[in-house]
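Here the structure is laid out as structure tokens; the discussion comes afterwards.
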Amino acid sequence: MKRPPSQNGKLDLAFIMDTTGSMSSYINSAKQNIREIVEEIVTSSGSDVRLALIEYRDHSPQDRTFVTRKNDFTSSVSTMKSWLNSASANGGGDTPEAVAEAMYQTTKLSWRQEATKISVMISDAPPHGLVPSEDTSFPQGSPNGHDPMQLARDLAQKDITLYVIGVEPPIVPYKDFFMALAYITGGQYVPLSVPRLLVNAITGGAQEELSLRKFQADVQREIKQASAAGGSINKQQIAQTVFQRLQKSGAKSRQLVRNNKTLDGPSADAKVLATKQSMAEVRKVFKKGTTSTPFRGVGGMGGGMGEVMDGDMRLSMSVGMGGGMRGGVGSGDPLRSMSPKAMIPSSSASEKLSTKESGITLEQINRLVEKGTARLPSV
């Protein structure tokens, strides 16, 4: 693809995709839109873009196909499309998946040192070791010893921003955890309930991060001064100082918005989780969330929407359907027999993601500070 002269330097963009049975709609959306995704990024930013793909499923015996499959960076959109064409949704086993292994492989990609580095995880299930009672195989975490909390900090250390595109409603009970992973790296959690918005989520996130790159030096300068002064690092004070200075100068940035509103930042619980150094520490304080999102009726009364989740629904959350049903993974699960259309939130048809240019926000600076201080021992 012919690229215009670079305005924002280089962009390395890695897709980290859960390719278990419930994800076929999202895999298909990526296949169909990968060229549009890259062209939109190049047209809007002028960046030299490279792409990588990491597929992940689960460990044996839950899945006997593969744990992860890594395709390192290429500048060819056709090559990336061929990788996606080879991807298929299959397997998965119990609720948790090999999230930690996928994150580990992400740290091993050939990232360019001078590039803006963004990894986009598309997921609908938690890692092993988060909720032991739901984990029939590895309740204490990855059998290879990989820890998502440490790996998030490894990503931050390598200046790699993690965006988590959370497939809702299945991921809602674990949303705070994924918010925490993204927050550690300076990224965002982007809720998604229909596959058609995948292209907007990816291009919007990339455009926002490219626009923030020019402010990283200001943040790092403040962190360095605070660290040199000794004592504990006051992240809020650093963020306020940088934000006020940039605000006075009229600094602007791109912002990913949902239904014309800024994305929700990390919850208070997610920020607590982000302070933990390991999954063992996370398990002590993690609380599963529930969804109160209204759902369409069952038995195919979803209104003919073609963009649905399919396959292994793997829900283990409370669903606001009046009857108080709880999903699980065993036989006779009422949610498994439910039409996939019934699982789509009623607001999905009108959902939209876009970007806007506006004044730099304090939340954006908070994310840059979090990323910059992720590996400091005093934080």
Side-chain angles (χ1 to χ4, degrees), residues 1-3 11-45 47 49-57 65 69-92 102 118-125 163-171 190-208 256 258-259 302-313 339-341 343-345 347-355:
M1 185 175 66
K2 189 175 180 180
R3 291 176 169 83
L11 170 65
D12 285 349
L13 177 62
F15 289 41
I16 312 167
M17 295 194 71
D18 179 341
T19 54
T20 54
S22 57
M23 295 293 289
S24 64
S25 296
Y26 291 85
I27 296 169
N28 289 336
S29 181
K31 290 178 183 179
Q32 295 161 8
N33 294 297
I34 184 60
R35 190 170 295 277
E36 179 185 347
I37 289 170
V38 176
E39 288 178 349
E40 173 65 23
I41 294 170
V42 171
T43 300
S44 64
S45 70
S47 294
V49 182
R50 295 195 312 165
L51 304 164
L53 173 66
I54 295 173
E55 301 173 56
Y56 70 96
R57 289 182 178 171
T65 54
R69 190 155 60 188
K70 180 176 76 171
N71 296 284
D72 211 338
F73 284 107
T74 179
S75 58
S76 167
V77 178
S78 296
T79 298
M80 178 67 169
K81 188 172 177 61
S82 72
W83 294 339
L84 287 167
N85 285 338
S86 298
S88 61
N90 198 3
I118 305 173
S119 53
V120 179
M121 176 182 287
I122 307 162
S123 178
D124 71 345
Y163 268 62
V164 177
I165 297 180
V167 176
E168 297 190 351
I171 207 169
V190 184
L192 211 62
S193 57
V194 286
R196 67 178 167 82
L197 294 178
L198 183 62
V199 58
N200 306 74
I202 294 171
T203 57
Q207 290 167 6
E208 178 164 346
L256 178 60
R258 183 187 188 195
N259 299 330
M305 185 177 292
E307 298 163 317
V308 298
M309 292 178 302
D310 46 14
D312 172 18
M313 298 308 293
S339 164
K341 293 176 183 177
M343 301 310 301
I344 299 299
S347 60
S348 295
S350 60
E351 188 90 355
K352 67 177 182 177
L353 288 170
S354 57
T355 57

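Heavy atoms only: backbone and side chains are in, while hydrogens, waters and symmetry mates are out.
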Does [Y] offer a backbone N or O that forms a donor-acceptor pair with the side chain of [X] under 3.5 Å?
| X | Y | answer |
| --- | --- | --- |
| R57 | T19 | yes |
| K81 | K31 | yes |
| T79 | S75 | no |
| E168 | P191 | no |

Quick one: are [X] and [Y] in side-chain contact, heavy atoms under 4.5 Å?
| X | Y | answer |
| --- | --- | --- |
| L353 | L192 | yes |
| M23 | I122 | yes |
| M17 | I27 | yes |
| L51 | W83 | no |
| V190 | L197 | no |

What is the distance from atom [atom1] of [X] to atom [atom2] of [Y], rounded to the nearest 0.5 Å?
| X | Y | atom1 | atom2 | value |
| --- | --- | --- | --- | --- |
| S29 | L84 | OG | CG | 10.5 Å |
| Q207 | L11 | CD | CG | 10.5 Å |
| I34 | E39 | CD1 | CD | 10.5 Å |
| T74 | M80 | OG1 | CE | 9.5 Å |
| L198 | F15 | CG | CZ | 7.0 Å |
| I165 | D124 | CD1 | CG | 12.5 Å |

Residue pair [X] / [Y]: nearest heavy atoms and the distance that separates them:
| X | Y | value |
| --- | --- | --- |
| R69 | S86 | NH2-O, 3.8 Å |
| S193 | Y26 | C-OH, 3.4 Å |
| G204 | T355 | CA-CG2, 3.3 Å |
| S25 | P195 | CB-CG, 3.4 Å |
| A206 | I118 | CA-CD1, 3.6 Å |

Test side chain to side chain contact (heavy atoms under 4.5 Å, CB included) applied to E36 - qualifying residues, sequence neighbours left out: N33, V199
All side chain to side chain contact (heavy atoms under 4.5 Å, CB included) counterparts of S354, not counting sequence neighbours: V257, N260
side-chain hydrogen bond (donor to acceptor under 3.5 Å, both in side chains) against S123, all qualifying residues, sequence neighbours excluded: Y56
Exercise: do D18 and T20 side chains pair donor with acceptor under 3.5 Å: yes
